[in-house]
Amino acid sequence: MGFSKPAFGASNAKEAQDALRALTKRYGNAKADADVVVALGGDGLMLQTMHKTYKRGLPIFGMNCGSVGFLMNDYSPDDLLERL
């Protein structure tokens with residue numbers, strides 16, 4: 001299954017906010033009609049994102065842009081849609 005409409009969410013960390021700007025510029029930010037949620041931050045943001053979006057039933061892909069990211073994938077802006 002391929003995804004084409006990511007919605008991005010990011011923690012307040014500078015690294016996460018920089019990643020949010022770069023990824024939104026590159027891939028857009030679908031928000032209302034997203035087919036996947038990409039969480040940029042650490043484990044805390046991943047858990048918050050899961051809590052906020054579980055009723056929508058969307059898959060969540062986390063990328064570590066924080067200090068603790070055991071639940072997260074490594075951050076890379078390249079080939080994001082293919083990796084999803």
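The structure displayed is predicted, hence computed values, not measured ones.
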In the hydrophobic cluster built from side-chain contacts under 4.5 Å, what are the other members alongside L47?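 Besides L47, the cluster holds V37, M46, M50, L58, I60, L71, M72.
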
Rest of the hydrophobic cluster containing L45 (Ile/Leu/Val/Met/Phe/Trp/Tyr, side-chain heavy atoms under 4.5 Å)?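 L45 clusters with nothing; isolated.
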
Between N64 and N73, is there a donor-acceptor pair closer than 3.5 Å when you use the side chain of the first and the backbone of the second?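 The answer is no, because no donor-acceptor pair under 3.5 Å joins these two groups.
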
Salt bridge (Lys or Arg N to Asp or Glu O under 4.0 Å) partners for D79, two or more places apart: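 With neighbours one apart ignored, the set is empty.
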
Not counting sequence neighbours, list each pair that qualifies as a salt bridge (Lys or Arg N to Asp or Glu O under 4.0 Å) and has a residue in residues 37-55.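 Checked against salt bridge (Lys or Arg N to Asp or Glu O under 4.0 Å) - neighbours excluded - no pair reaches residues 37-55.
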
Between atom SG of C65 and atom CD of Q17, what is the distance when rounded to the nearest 0.5 Å?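 Answer rounded to 0.5 Å: 10.0 Å.
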
When rounded to the nearest 0.5 angstrom, what is the spacing between CG in L40 and CZ in F61?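 L40 CG to F61 CZ: 10.0 Å, rounded to 0.5 Å.
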
Residue pairs fulfilling side-chain hydrogen bond (donor to acceptor under 3.5 Å, both in side chains) with at least one residue in residues 22-34, sequence neighbours excluded: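 The answer is R26-D78.
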
Considering non-hydrogen atoms only, spot the tightest contact between D74 and R83 and give its length.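 Minimum heavy-atom separation between D74 and R83: O-NH1, 4.2 Å.
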
Side-chain polar contacts of residues 2-16 - donor-acceptor pairs under 3.5 angstrom, sequence neighbours left out - could you list them?
from: S11; atom 1: OG; to: A13; atom 2: N; distance (Å): 3.3
from: K14; atom 1: NZ; to: D18; atom 2: OD2; distance (Å): 2.7

